[in-house]
Structure formats: structure tokens, C-alpha cells
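Notes follow once the structure below has been shown.
Remember, predicted model here, so these are calculated numbers, not experimental data. Numbers restart at 1 for each chain; the letters A, B, ... are given by sequence-line order, proteins then strands.
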Number of protein chains: 2
Amino acid sequence: MTEFGGVPFSTEDAVLDSRRTDRSGSLVEGRPEAVLLPRDAADVAKALRWATSTGTPIVPRGAGTSLTGASTAGTGTVVLDLSGMNRIVSLSAADATAVVEPGVITADLDRAAATAGLRYAPDPASHEISTIGGNIATNAGGLRCAKYGVTRDSVLGLSVILADGTRIETGTRTFKGVAGYDLTGLFVGSEGTLGVVVAATVRLRPIPAGLTTIAASFTDAAAACTALAGVPGQPVIAELLDAAALSAVDAYLGTSLAARGSALLIVQVSSGVDGVLSALRPTAVSLEVSSDGDALLHARRSALPAIEQLGRPLIEDIAVPRSRLPEAITAIADIAARWQIPICTLAHAADGNLHPIIVDDPSRPAAAASAADEIFALALKLGGTITGEHGIGTLKREWLTRELDPANLTLQRGLKSLFDPNGILNPGKVL
Amino acid sequence: MTEFGGVPFSTEDAVLDSRRTDRSGSLVEGRPEAVLLPRDAADVAKALRWATSTGTPIVPRGAGTSLTGASTAGTGTVVLDLSGMNRIVSLSAADATAVVEPGVITADLDRAAATAGLRYAPDPASHEISTIGGNIATNAGGLRCAKYGVTRDSVLGLSVILADGTRIETGTRTFKGVAGYDLTGLFVGSEGTLGVVVAATVRLRPIPAGLTTIAASFTDAAAACTALAGVPGQPVIAELLDAAALSAVDAYLGTSLAARGSALLIVQVSSGVDGVLSALRPTAVSLEVSSDGDALLHARRSALPAIEQLGRPLIEDIAVPRSRLPEAITAIADIAARWQIPICTLAHAADGNLHPIIVDDPSRPAAAASAADEIFALALKLGGTITGEHGIGTLKREWLTRELDPANLTLQRGLKSLFDPNGILNPGKVL
Ligand SMILES: Cc1cc2nc3c(=O)[nH]c(=O)nc-3n(C[C@H](O)[C@H](O)[C@H](O)COP(=O)(O)OP(=O)(O)OC[C@H]3O[C@@H](n4cnc5c(N)ncnc54)[C@H](O)[C@@H]3O)c2cc1C
Ligand SMILES: Cc1cc2nc3c(=O)[nH]c(=O)nc-3n(C[C@H](O)[C@H](O)[C@H](O)COP(=O)(O)OP(=O)(O)OC[C@H]3O[C@@H](n4cnc5c(N)ncnc54)[C@H](O)[C@@H]3O)c2cc1C
């Protein structure tokens with residue numbers, strides 16, 4: 001067989017080095033042998049046939065923005081870089097659907113939809129750099145999940161190349177469909193370990209009219225959560241920043257949010273503003289209302305760069321039942337105090353999904369790791385999960401075996417063997 | 001081993017006969033040998049251990065309202081009737097979740113949620129008689145899907161007994177979670193062929209405030225669909241009745257809907273009524289607005305009993321991309337004319353999901369079957385699916401092999417073997 005199945009590739013040092021890790025910064029032994037640059041689904045099929053025949057481990061890769069080491073690639077592996085397959089194949093306003101290649105940048109699809117008066121709802125904070133294929137493979141979430149759900153909820157059907165190079169179509173081009181087992185759902189979130197997505201039919205949503213954004217400060221996170229629970233209807237966005245996050249933002253933007261109250265809640269709705277105000281006003285210590293969502297969300301969007309000023313951020317991602325959110329935030333602050341390490345918490349509050357961002361202290365590497373472990377244990381103790389939207393990758397494999405029962409894990413492994421009997425797809429990830 | 005693993009059972013004639021078929025009315029050879037009546041998950045596990053050790057085919061059953069023969073049970077099979085496991089184990093307003101046994105009646109859960117100001121969103125037209133377990137096993141839809149999606153979108157996690165009696169927990173109790181492959185999604189819609197659901201954690205939703213319902217008549221379905229496409233935002237409900245359905249309703253209720261126009265569109269929204277009216281008014285031939293949704297939805301809810309006056313209804317269920325809805329409705333009317341058989345079409349219009357209801361003519365049984373085949377072929381031709389929400393059961397197995405490509409079918413069969421290596425769970429269904 002031709003080298004790499006005849007698929008375009010690079011073995012340049014700079015390219016190999018840049019595909020070694022992802023945005024988690026986690027390191028693996030060595031670097032990939034080559035980076036394949038498929039132009040289309042046929043190239044992907046060729047690459048996987050070649051990989052199967054040679055027994056070569058393949059690491060599918062979108063933009064490499066994973067925070068869990070899901071797209072790290074070491075010695076002996078070959079990276080299948082899908083970022084070049086980035087065409088929006090079709091977009092139908094009448095059907096409110098689009099067909100896209102996996103390398104399309106998330107925000108580009110949203111912008112294309114906007115020209116038709118629609119939105120592509122999933123908006124991970126990485127949306128300007130992440131790819132749809134990566135979003136699908138991690139079932140990415142984002143701010144707008146509160147209203148629209150996660151990436152799974154916007155994916156109708158997939159074209160997937162299996163490990164042996166076979167192409168299959170899953171799901172439908174319709175909004176509903178129950179013909180056979182839900183293979184689409186199985187590929188979504190499978191982190192490149194079951195097949196390679198070469199095209200997706202996604203659902204687009206109407207852009208809600210007249211969005212109003214409300215930012216309210218509270219004395220503490222518990223008060224903010226209680227107030228949010230009283231908000232009628234389903235907000236489009238409901239984000240919470242804790243005291244540590246607000247201090248970081250203040251230092252970065254020159255604001256004085258932390259002085260107002262130790263928790264900031266930002267709620268966006270498309271109707272029922274009065275109901276939101278009635279729910280928040282009694283306990284809020286300050287409150288701002290704006291039709292310019294970007295202005296009030298600026299603090300939230302600046303949080304990560306703000307935290308980066310303090311040191312290398314380890315972005316964690318747990319979810320708890322909604323009522324346990326205040327308890328989780330308090331417990332995380334305790335963990336930070338105990339390990340004497342800054343942890344700033346952002347939360348997709350309506351979904352009970354928290355991002356405790358640990359600022360690494362290079363002089364005490366054990367501190368961050370121990371704090372992270374305690375955060376995962378906390379999530380499970382509160383009836384939650386070790387990952388709300390970022391996935392398992394390499395970094396949470398240990399913890400996956402604590403979250404899932406042995407019978408569940410056995411089935412997970414069975415699925416992996418069924419789809420990838422030779423174990424060539426992103427080995428060492430998830431399981 | 002004790003008979004039936006020591007699980008309570010009945011072998012009374014009347015009981016066996018009543019569990020032979022489901023609401024599809026389709027017949028299988030003979031009748032089940034026994035009907036097991038488990039009281040709890042432990043009984044289900046005992047039953048399945050017994051079934052595995054004796055190689056007995058098990059037919060899980062909720063309320064038997066399947067329209068596809070999914071719960072039919074013939075000679076040599078044993079029915080596992082879950083309708084007695086009908087406790088709402090817990091319901092948390094703070095978490096907006098509930099934990100339920102599979103035999104809970106759909107509408108009962110919705111009513112329990114309502115006492116906490118919440119709703120259980122999935123509302124198949126059978127909601128007063130169907131069970132949550134059956135809804136999960138078929139991924140049931142309903143009127144409110146337009147806003148909330150299908151049953152899958154309200155299921156967070158499951159307790160499942162596998163074929164060999166092992167119990168596993170899937171998913172989370174949180175709104176988001178991506179720890180491992182999506183087993184929850186795999187069990188949802190699997191029609192009792194992969195495992196038996198013994199408990200589910202479901203998501204509840206806020207009851208939208210101030211619902212307004214608009215009923216508008218149009219000269220034809222195409223005009224109604226075009227008007228609907230112009231409605232801004234996401235309606236809670238958007239139902240369409242075609243000319244044949246309206247005539248049946250008129251004869252049953254003494255109304256004169258068909259005289260107004262040959263298509264009736266019923267739209268329910270929680271905000272933005274003016275926008276809806278602006279979209280519908282220019283082309284509607286008549287228009288009614290009410291804050292009493294039940295009054296305007298009465299025509300839709302009466303459609304099935306109305307059609308039953310004409311003869312035995314065969315309720316079909318296809319979905320097409322939204323823009324193809326008018327074409328589908330016209331083509332279905334043509335099929336009815338060609339086969340000289342009444343077909344009344346109801347549609348969950350916002351989702352492109354149609355229920356062409358064929359009125360069987362016992363003197364010409366081939367007519368209904370041929371018309372149904374043409375309807376499935378039409379769905380595939382228009383880029384749609386042979387089932388939007390009712391599933392495959394026994395009646396659409398043939399057609400499943402036409403909708404899915406061979407590689408997809410191979411994986412489907414692989415999944416079945418992985419979960420149920422001895423083929424004891426609802427054999428002969430789906431695949
Ligand atoms: C600043 C920042 C903010 C973030 N915010 C969020 C957020 O709000 N919500 C959230 O969910 N995540 C967030 N993330 C994490 C990350 O952006 C997401 O996981 C994203 O979905 C990854 O997309 P990617 O294209 O970079 O994928 P990669 O990192 O390249 O890959 C991720 C995984 O997907 C697999 N993969 C990629 N493409 C394919 C394909 N075509 N077929 C099969 N498998 C494939 C890879 O093998 C890997 O397992 C954030 C990351 C950063 C750096
Ligand atoms: C008048 C009428 C209107 C209807 N309207 C709709 C509608 O609007 N939308 C819609 O989607 N459907 C509709 N249906 C179809 C039907 O009601 C649904 O499919 C419903 O979900 C079946 O629930 P059930 O409890 O009756 O299940 P059953 O018919 O008893 O079983 C259905 C399938 O689920 C399996 N099953 C049942 N319980 C379990 C369990 N605990 N674990 C594993 N497998 C299980 C069975 O083996 C079978 O394969 C309608 C039916 C009727 C008669």
C-alpha cells in the first residue's frame with residue numbers, strides 16, 4: 001500500500017510538534033509520526049484502511065482545543081487532522097438544517113446560519129477556534145445550553161468512517177426519527193474512539209427576538225442560586241461567577257464587581273423580563289438590565305483570559321443536580337483554601353454545570369492535582385458527574401471508573417471492541 | 001430453578017389473550033406462555049436470569065399501546081408486564097427531576113409534576129394510557145415535541161436490567177454529562193430489545209406562563225406550511241390537520257371546519273402572539289385566538305376517535321425535512337385517491353412529522369398495505385424517515401432495511417448481539 005494510503009500528509013517538525021498536545025497542555029511520550037491532511041471523506045476512508053492494514057493508531061483531530069488530553073498524540077501514532085475539511089456543504093433556511101464537513105469552525109457555522117435568520121445553538125467558549133467535528137466528538141456544551149441543550153441536541157445525522165474504512169450514515173435529515181438504535185447519539189461524545197465524523201447534518205434554531213440580559217450581584221452564590229431557581233420559564237443563558245472569578249475579572253478589566261457582592265449572575269431571556277426581575281430583585285444587591293447582551297456578558301467572556309493572568313489555568317468541568325450548586329461552590333472554595341491554591345468558579349448555573357478553574361502553582365504541582373481530585377470526588381458525592389461537557393480524554397480515565405459501575409464499564413468496553421476491534425482509533429482515550 | 005425465577009405470574013386465559021397483541025392490532029402465531037408481574041427491579045432481574053438460563057424469549061410490556069407490533073407476544077414467549085411497577089419514587093422541584101418506575105402512566109407523571117409547577121414534557125396522544133417505560137423504549141413523541149423534543153430529551157439516566165439479569169445505571173442525575181459512551185441514548189428507542197428499564201431519572205420543565213393558542217384555516221396545506229414557516233421563534237405546539245381529517249372531525253363533532261379551508265393549523269405559543277398573528281393572518285381564511293388551549297386543540301384531540309368512526313385506523317408515522325411537508329401531504333392525498341381508501345393526515349408540523357391514518361377496508365386488505373408501502377417510499381424519497389416517533393416493532397422491519405445502509409445495519413445487529421448475546425429480549429422486533 002502507498003504510504004499513508006496515498007493521503008496528503010506532513011512530517012515537518014513544526015507540524016508534528018504542534019499536533020502533540022491539545023489545549024489541556026498534557027504531555028504524552030514522544031510525538032506523532034505524521035499528520036495526515038485529508039481533503040475529503042474518501043481520503044479519510046483511505047487513511048483508515050491504511051491504518052487498519054498496518055495496525056497504526058490514529059488520533060482524529062479538529063482544532064486541538066480539548067481540555068482533557070483527548071487529542072494528544074505520541075510516539076507511534078498518526079494524527080488525522082480534519083481541520084482542512086471545512087466546507088459548509090449546504091444550509092437550508094426552509095428546513096432549518098445545514099450539512100457541514102467536520103473542520104468547519106463552530107462560530108463560522110453560526111454566522112452562516114445568521115445570514116438566514118437562524119443560529120447554530122451550541123456555543124462552547126472556544127467557538128471561534130473549535131471545530132464542529134471536535135464539538136460532536138466531545139458533545140460540547142456552552143452558554144446557550146440552558147435553552148437549547150448540548151451539541152447532541154443539534155445533531156440530526158452523521159456520516160462516519162469506521163475503523164476499517166467503511167462509510168456509514170446515521171440518523172436522519174429530519175427533526176425526529178426512531179428507525180433503529182441511536183448510532184448518532186453513540187458517536188456524539190465518543191471522542192474519536194468509535195469512528196471519524198466526515199459530515200454532519202445539524203439543526204438550526206430561530207434567533208430569539210428581543211433578547212434582554214440582566215446582571216445581578218448577590219452577597220453569595222447561595223443567594224444567587226436561590227434567586228435563579230425562582231426565575232420563571234427557561235432562560236437562554238444563566239451564568240454565575242464566584243468571588244474568586246470576580247476578583248480576577250476586576251484585576252483584568254479594572255471593574256469593581258467583587259465589591260458589589262461575592263456572586264454575579266447573568267441571565268438572558270427572550271421574554272418575561274418582568275418575571276426575571278421580580279425573582280432577582282428582592283435579594284440582589286445590585287442589578288443591571290440591558291438589551292446589549294454582549295456588554296453584560298463581557299465579564300463572563302473575559303473570565304478565562306483574566307484568570308490566565310494569575311497563572312496556568314486547569315479548567316475543570318463537573319455537573320451536579322441543580323439544587324446542589326451552592327453547596328458545590330462553597331465546597332470548592334474550601335478546597336481552594338485548604339490547598340492554598342486559587343480556584344475561580346464559573347458555572348452554567350441553569351444546568352448545574354461548574355467550571356472550577358484551578359490556577360496551577362508550578363512550585364507545588366501536587367496541590368492542583370489534589371484539588372482536582374477533591375473536586376471530582378465532590379461531584380460524585382453530590383450526585384453529579386466528573387464531566388458536564390469536556391469529556392474524559394486521558395485526564396479523567398481513572399475517574400471514569402469511579403463514576404460508572406463495573407457492568408456499565410463492561411458494556412462501554414464492549415462497544416469499543418464492536419466498533420474498533422483492532423483498537424486503532426484514538427487508543428488510550430476515554431477507556 | 002423455581003418456575004419463572006420465583007416472580008409472580010399469571011397463566012389465566014384472559015390475561016394471556018390480552019397480552020398477545022398491542023394497539024397495532026397485528027397478530028402473531030399463538031399467545032404467550034405466561035405473563036410475569038414483577039413488583040420491583042429485583043423481580044425483573046430474577047425473571048431475566050431465569051429467562052437466560054432457560055433460553056426463554058421475553059417480551060417486555062408497558063401498556064401495550066404500541067402501534068407497530070413492538071409488544072406482540074406469541075407461542076413460546078413470556079411477557080414481562082411492567083405496568084405494576086408504577087411508583088413515582090421521588091420528585092424534586094428544586095432539581096426539576098423525578099425518579100420513576102417504568103409502569104408510571106405518562107399523564108400521571110405530568111400531573112405530579114404540575115403540583116410542583118413543572119411539566120413532564122413528552123405527551124404522546126396516548127399519554128393517559130401509555131407508560132413511561134414504553135415511552136422510553138419507543139422514544140415517544142407528542143404534541144409538545146415542537147418545543148421540548150422527544151422522550152430522549154427528557155431522560156437523564158436509566159436503571160436497566162440486562163438480558164443476563166445484571167443491573168446497570170446509565171447517564172446522570174444532572175442535566176448535562178459526557179462520562180463515557182451514551183448508553184442512555186442507546187436504550188431509549190430500543191424497543192425492549194437491549195435491556196429492561198426498571199427506573200428512569202427524567203427532567204421536568206417549567207410550565208410556560210400565559211399560553212396562547214391560535215387556530216387558523218387555510219385553503220390548502222401548502223399555504224398553512226408556508227405561513228407556519230414565517231412564524232418567529234419556537235412554538236410549543238404546531239399541529240396540522242388535512243382536508244380528510246377535518247371532514248372526519250366535522251362528522252364526529254358536528255363542526256364545519258372543512259368548509260372554512262382544507263387545512264387547519266393550530267399553533268400554541270408562550271410569547272410573541274403578535275408575531276404569530278402577523279405570520280398567519282395574510283393567508284389564513286379564518287383565524288381564532290384563545291387563551292384556552294384545550295378548546296382549540298379539541299379538534300386535534302378528537303381526530304383519532306373521529307377517524308375510528310370510519311373504520312379501523314392504521315396510524316402511520318413518517319417524518320420529512322420541514323420544507324417537504326406540503327409535498328408529502330399532497331402526495332399522500334394522491335395515494336389515497338389512487339387506492340380509493342380514506343387517508344386522514346395529522347402532522348406535528350413544526351417537526352415535519354406526519355401521521356397519515358389509513359382507514360382499513362376489510363374487503364380489500366391489499367389496498368391499505370399498498371398505500372402504507374407507498375407512504376414509506378414517499379418518506380424516503382423526500383429525504384425523510386419511515387418512523388418519526390412510533391418505532392419499528394414488527395410492522396416496519398422490512399422497511400428498516402431500506403432506510404438504513406448495509407454497514408449501519410451490520411452495526412445495529414452487532415449492538416443487539418453485544419447486549420443480548422442469546423437473543424432472548426423481544427426477539428423478532430426492530431431487526
Ligand atoms: C478557551 C476554551 C474554552 C472552552 N470552552 C468550552 C465550553 O464552553 N464547552 C465545551 O464543551 N468545551 C469547551 N472547551 C473544550 C473544547 O473546545 C471542546 O471540547 C471542543 O469541542 C473541541 O473541539 P476541537 O475541534 O478543538 O477538537 P479536538 O480538541 O481537536 O478534539 C477533541 C476530541 O474530538 C475528537 N475529534 C475531533 N474531530 C473529530 C472528528 N471529525 N471525528 C471524530 N473525532 C473527532 C478528537 O480525537 C478528540 O478526542 C474549551 C476549550 C478552550 C481552549
Ligand atoms: C391512541 C394512540 C395514540 C398514540 N399517540 C402517540 C404519539 O402521539 N406519539 C408517540 O410517539 N406514540 C404514540 N402512540 C404509540 C404508543 O402509545 C407509544 O409508542 C408508547 O410509547 C407505548 O407505550 P406503552 O407503555 O404502551 O408500551 P408498549 O406498547 O407496552 O411497549 C412498546 C415497546 O416498548 C417496550 N417496553 C415497554 N416497557 C419497557 C421497559 N420498561 N423496558 C424496556 N422495554 C419496554 C416493549 O417491549 C415494546 O417494544 C399512540 C398510541 C395510541 C394507541
Side-chain angles (χ1 to χ4, degrees), chain A residues 92 94-97 138-139 141 145 150 153 166 168-170 172-183 185-186 188-190 206 208-209 229 232-234 271-272 319-323 351-353 383-389 391-392 400 403-405 407-408 411-412 414-415 418 430, chain B residues 92 94-97 138-139 141 145 150 153 166 168-170 172-183 185-186 188-190 206 208-209 229 232-234 271-272 319-323 351-353 383-389 391-392 400 403-405 407-408 411-412 414-415 418 430:
Chain A
S92 162
D95 288 335
T97 58
T138 58
N139 197 12
C145 281
V150 289
D153 299 302
T166 312
I168 73 164
E169 310 296 325
T170 75
T172 54
R173 282 180 276 165
T174 56
F175 289 167
K176 290 162 76 179
V178 286
Y181 305 130
D182 182 11
L183 294 184
L186 208 47
V188 173
S190 66
Q234 193 76 59
S271 64
V320 296
R322 220 171 52 172
S323 67
D351 289 327
N353 186 188
T385 173
I386 56 165
T387 174
E389 56 181 28
I392 301 298
L400 184 68
E403 176 160 340
L404 303 182
D405 57 67
N408 183 314
L411 273 183
Q412 302 266 346
L415 287 170
L418 175 65
V430 186
Chain B
S92 163
D95 288 335
T97 57
T138 59
N139 197 10
C145 281
V150 289
D153 299 303
T166 311
I168 73 164
E169 309 296 325
T170 75
T172 54
R173 282 180 276 164
T174 55
F175 290 168
K176 289 162 76 177
V178 285
Y181 304 131
D182 182 12
L183 294 184
L186 208 47
V188 173
S190 67
Q234 194 76 62
S271 64
V320 296
R322 221 169 51 170
S323 67
D351 288 327
N353 186 189
T385 172
I386 56 164
T387 175
E389 55 181 29
I392 301 298
L400 185 67
E403 176 160 338
L404 303 183
D405 57 68
N408 183 315
L411 273 183
Q412 301 266 347
L415 287 169
L418 175 66
V430 186

Taking all non-hydrogen atoms of both residues, which atom of [X] and which atom of [Y] are closest, and how far apart?
X      : Y      : result
A:G383 : B:R173 : CA-NH2, 3.5 Å
B:A407 : A:I168 : CB-CG2, 3.2 Å
A:Q412 : B:Y181 : OE1-N, 2.7 Å

Against chain A, work out which of [options] has the most heavy-atom pairs shorter than 4.5 Å and name it.
options                        : value
B:G177, B:G185, B:G272         : B:G177
B:S92, B:G384, B:G233          : B:G233
B:D351, B:L186, B:I386         : B:D351
B:G180, B:P208, B:G391, B:G352 : B:G180
B:V188, B:N408, B:T170, B:T385 : B:N408
B:L404, B:N353, B:V430         : B:N353

Part of [X] lying under 4.5 Å from any heavy atom of chain B:
X      : result
A:L415 : both
A:N139 : both
A:T172 : side chain
A:E403 : side chain
A:S271 : side chain
A:A209 : neither
A:A229 : neither
A:P232 : neither
A:D153 : side chain
A:T138 : backbone

From CZ (A:R322) to OG1 (B:T174), nearest 0.5 Å:
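With rounding to 0.5 Å, CZ (A:R322) is 12.5 Å from OG1 (B:T174).
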About how many Å separate CG of B:L400 and CD1 of B:I392, when rounded to the nearest 0.5 Å?
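Between B:I392 CD1 and B:L400 CG, I get 4.5 Å after rounding to 0.5 Å.
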Considering residues at least two apart in sequence or located in another chain, which fulfil the side chain to side chain donor-acceptor pair (under 3.5 Å) criterion with B:D182?
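B:D182 satisfies side chain to side chain donor-acceptor pair (under 3.5 Å) with B:R152 only.
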Can you name the residues that form a side chain to side chain contact (heavy atoms under 4.5 Å, CB included) with B:E169, not counting sequence neighbours?
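Here the qualifying residues are A:D405, B:S159, B:R167.
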